[in-house]
Structure formats: C-alpha cells, structure tokens
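Counting starts at 1 for both ligands and their atoms, in listed order.
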Amino acid sequence: MKAILLDGFGGPEVMRLGEATRPEPGEGEVRIKVAATSVNRADTVQRRGNYPPPPGASEILGLEAAGVVDRVGPGVTHWRPGDRVMALLTGGGYAEYALADAGHLMAVPEAMDLETAAAIPEVYITAFLNLFLIGGLSDGDTVLLHGGGGGVNTAAIQICRALLSHCRILVTASPGKIARVKALGADRVIDYRNENFAEVVRDFTGGAGADVILDHIGADYLAKNQAALAVQGRLVVIGLMGGATGQINLGIMMVKRQRIIGSVLRALPKERKTAIVTVFTERVLPHIAQGDCRPLIHRALPLAAAADAHAEMEASGHFGKIVLQVS
Ligand SMILES: NC(=O)c1ccc[n+]([C@@H]2O[C@H](COP(=O)([O-])OP(=O)(O)OC[C@H]3O[C@@H](n4cnc5c(N)ncnc54)[C@H](OP(=O)(O)O)[C@@H]3O)[C@@H](O)[C@H]2O)c1
C-alpha cells in the first residue's frame, strides 16, 4: 500500500510517499481503507524524532483517519465491511490502510463527507476529554484556551459553546487570527504577542480568574497560567510548545487550591480510550452531526504533499485543520 515513510528524523523533507505492507487486523481490530487523514502538531514532533509511537503502534504517522471498513479482526461484532467510519489511531493514518481498535471508531454522520470526518477524532476528543472529563468545565465557568486558530482550540471553542449554556471563553491568538477566533464564539480574544493574558483574564473576570485553562505551551506560560487561574482552578497541560521545565509557585497553588494536570490521549490504555470515545459519541457527536460544531478545514492536500502540509503547520499558517486526501 502507499504510505508516507520517513527517511530518518528531521524537517518535512524526510517524508516521502513509498510502499509499506498492508496491516492485518488482529483480535478486536478493524482495518480501514483510508479516504482521508489529517495533520496534527504531534505528527511534526514525531517526524523530528521527539514523540515515538507507543509500544505496538504503527511507525507510520497519523493519529486519525476516516474511510470505509475494509476488514474486521476476530471478536469484532459492531462494525462490518463497508461501514463509513472515523477513528482515533495510535499511528498509521498517513497510509492507504490503517488499523484501529474497534472501540476507537465512530460512525460518520450521514450527510458528512469523509474529508471533513478526518478532521474530527483527534482534536475534538482532545478538547472534550481535557476540558470536560478531566478539567470538569461546567455551566457558569470561565475557560482560557491558548492558540485559538489551531486544530484543538478551534474545536474547543465550538464544544464549549455547544455543551454549555453559560461559559465565558477567553482565547489567546496571534494578531492575524483574532477576528476569525472571535467569529467562532470567543468572548474575548487576547493578542498573545502584545497583551499580557494573565492581566486580561483577571480584568475580564473582576479578579476571579479562569476556572479551567487548556494549555499546550508548557513552561513559557506556566507562571502566567497560574496567575490567570481562579481559586480551585484546573490547569490542564497537553503540550510543550514552549518547553518542558518551568517553575511553579507552590504557595499560591496551595492557598488557591489549584490543580495542575498533565494529560496525553495517545498513550492511554485502550479500554480508557474506548470509554472516552463512547462518552464523546453520546455527548458531542450529535452536535457535530447537527452542525452546531463544524470542523474547520484550512486546506486539503493529496497524501503525497504531506511535507508541504507539515511545513505549513510548523509555520502556523493554518487556521483549523489540514487534511490529507488518501484515496
Ligand atoms: N496531550 C494530548 O493528548 C494532545 C492531543 C492533541 C494535541 N495535543 C497538543 O496540543 C497542541 C495543539 O495541537 P494542534 O494539532 O491543534 O496544533 P496546531 O493546529 O498547530 O495549533 C497550535 C496553535 O498554537 C498557537 N500558538 C503557538 N505559539 C503560541 C503561544 N505562544 N501562545 C498561544 N498560542 C500559540 C498557534 O497559533 P498562532 O498562529 O496564533 O501562533 C497554533 O494555532 C500541540 O502542542 C499538540 O501536541 C496534545
């Protein structure tokens, strides 16, 4: 089968379209004939050699895919060849065929095309898991999201609006993306290059701060995130674009009863991921099917142009998701 292969680790130029062995589904697995996959920031980190796949996962890049069930392994009863599905993958999406655990598949809503579906699993599930299941975001809360033009956070804004009737949403963005982030439903977009987001959050909330912060910047934002966090606030760290090692004021953390939580979706035990996909299917997928949440596709490119897609993501030229068309 055709797949994107890596000639070592490095910049986008290490990626090339080549031939790989078509995988066979094992117990509880489903093989998908991939119509489309999409690019995640983590793929670029893996390509650089800094995010190895978990044990047993495909070495091929790609954390999500949409397509048609091609073959099911022993013990799979819920899915049949021909079903239109989208899936959370531990790897292998940048290929004509990919394996997924049967519990990590979702039916594609009837009216939705497979390219759009390929932009859903990783970012919407990440946003839902970390804001709601881990962060405990609920009605009446204030949330701070960073990088509102990215895949995870365009999804996060939409999910907050769809699932909550009252929620104050503050979002950081670079100047060129502010208007589009505002249009997605943010109450206040903070220009992170020219404003101090901790001060803006405090002013906006009358000093109270944010109940939940979803952060993928890490060390560079740790002190300001803590300053922006409310009493009993939860800071959920899902990425390290600004470094891994920072300093935290434990005194403030203790007195304000704040919680800092690290979270990674890919490496979770498969049973836990099945449970998350099940809750997501019940609570969020209907909003996507109805159009309250609408995956934002910045661009769709053929699989062979995966290197261009990575270069564009690393330059942060995108708004929303970059999709790769596979077949
Ligand atoms: N732990 C997990 O389970 C998990 C799962 C999925 C994703 N993630 C992580 O979540 C992050 C986002 O992933 P993605 O696929 O959505 O990537 P993405 O589409 O590239 O989004 C990243 C966004 O970060 C913004 N950004 C960069 N520097 C910033 C800064 N200093 N302050 C605020 N925003 C900044 C960029 O926007 P501008 O153009 O405005 O700079 C960009 O839109 C990545 O770090 C990824 O590894 C983690």
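Residue His318 places a heavy atom under 4.0 Å from ligand 1. Using 4.0 Å as the threshold, Gly242 has no heavy atom nearer than that to any atom of ligand 1.
The nearest protein atom to atom 27 (C) of ligand 1, hydrogens excluded, is given as Met241 CE, 3.6 Å; this is a heavy-atom distance. The nearest heavy-atom contact from the protein to atom 21 (O) of ligand 1 is Gly150 CA, 3.3 Å. Looking only at heavy atoms of the protein, atom 14 (P) of ligand 1 is closest to Arg41 CB, 3.8 Å. When only non-hydrogen protein atoms are considered, atom 25 (C) of ligand 1 lies nearest to Gly147 CA, 3.7 Å. Scanning all protein heavy atoms for the shortest distance to atom 39 (O) of ligand 1 gives Lys177 NZ, 2.7 Å. For atom 32 (N) of ligand 1, the closest non-hydrogen atom on the protein side is Tyr221 OH, 2.6 Å. In this structure, atom 48 (C) of ligand 1 lies nearest to the protein heavy atom Ile238 O, 2.9 Å. Residue, atom and distance of the protein heavy atom nearest to atom 26 (N) of ligand 1 are Tyr192 OH, 4.0 Å.
Counting only distance, with no hydrogens or angles, the side chain of Arg234 and the backbone of Gly135 share a donor-acceptor pair below 3.5 Å. Between the side chain of Glu314 and the backbone N or O of Thr44 there is no donor-acceptor pair closer than 3.5 Å. For the pair Asp203 (side chain) and Val200 (backbone), a donor-acceptor distance under 3.5 Å is absent. At least one donor-acceptor pair under 3.5 Å links the side chain of Arg161 to the backbone N or O of Cys167. Checked by atom type and distance alone, the side chain of Ser58 pairs as donor or acceptor with a backbone atom of Ile60 at under 3.5 Å. With hydrogens and angles ignored, the 3.5 Å screen pairs no side-chain donor or acceptor of Asp187 with any backbone N or O of Leu170. The backbone N or O of Asp113 lies less than 3.5 Å from no partner atom in the side chain of Arg84, so there is not a single donor-acceptor pair. Although no hydrogens or angles enter the test, the distance criterion places a donor-acceptor pair under 3.5 Å between the side chain of Trp79 and the main chain of Ala102.
Of the N or O atoms in Val123, none lie within a sub-3.5 Å distance of an N or O in ligand 1. Checking only distances, Asn130 never comes within under 3.5 Å of ligand 1, N or O to N or O. Considering backbone and side-chain atoms together, His146 places no N or O closer than 3.5 Å to any N or O of ligand 1. Annotation: His216 places an N or O atom under 3.5 Å from an N or O atom of ligand 1; distance criterion only.
Of all the heavy atoms of Met313, the ones lying under 4.0 Å from any atom of ligand 1 belong exclusively to the side chain.
The contact set between ligand 1 and Glu122, taken as ligand atoms under 4.0 Å from a residue heavy atom, comprises 5 (C), 6 (C). Taking every non-hydrogen atom of Gly149 and a distance limit under 4.0 Å, the qualifying atoms of ligand 1 come out as 43 (O). Short contacts between ligand 1 and Leu265, defined as distances under 4.0 Å to a heavy atom of the residue, involve ligand atoms 2 (C), 3 (O). Less than 4.0 angstrom separates some heavy atom of Ser316 from each of these atoms of ligand 1: 36 (C), 39 (O), 42 (C). Each of the following atoms of ligand 1 lies closer than 4.0 Å to a heavy atom of Thr172: 33 (C).
Within 6.0 Å of CD on Gln247 lie no more than 12 heavy atoms contributed by other residues, nucleotides or ligands. The number of heavy-atom neighbours closer than 6.0 Å to CD of Glu59, taken from other residues, nucleotides and ligands shown, is 12 or below.
Under a cutoff of 6.0 Å and an axis angle of 45°, Arg266 and Tyr51 form a cation-pi pair.
Two residues are said to be in side-chain contact when any heavy atoms from C-beta on lie closer than 4.5 Å; Glu64 and Met86 fail this criterion.
Between His318 and His298, the angle of the ring planes goes over 60°, which puts this pair in the perpendicular group of the 30/60° scheme.
With atom 29 (C) of ligand 1 as the reference point, the heavy atom nearest to it among Asp220, Val264, Ile217 is part of Ile217. Within the set Leu268, Asp43, Val152, the minimum heavy-atom distance to atom 16 (O) of ligand 1 is found for Val152. Which of Ser263, Ser174, Ala156 comes nearest to atom 1 (N) of ligand 1 through a heavy atom is settled by distance: it is Ser263.
Ionic pairing of Arg168 and Asp211 is not present here: no N-O contact between side-chain nitrogen and carboxylate oxygen is shorter than 4.0 angstrom.
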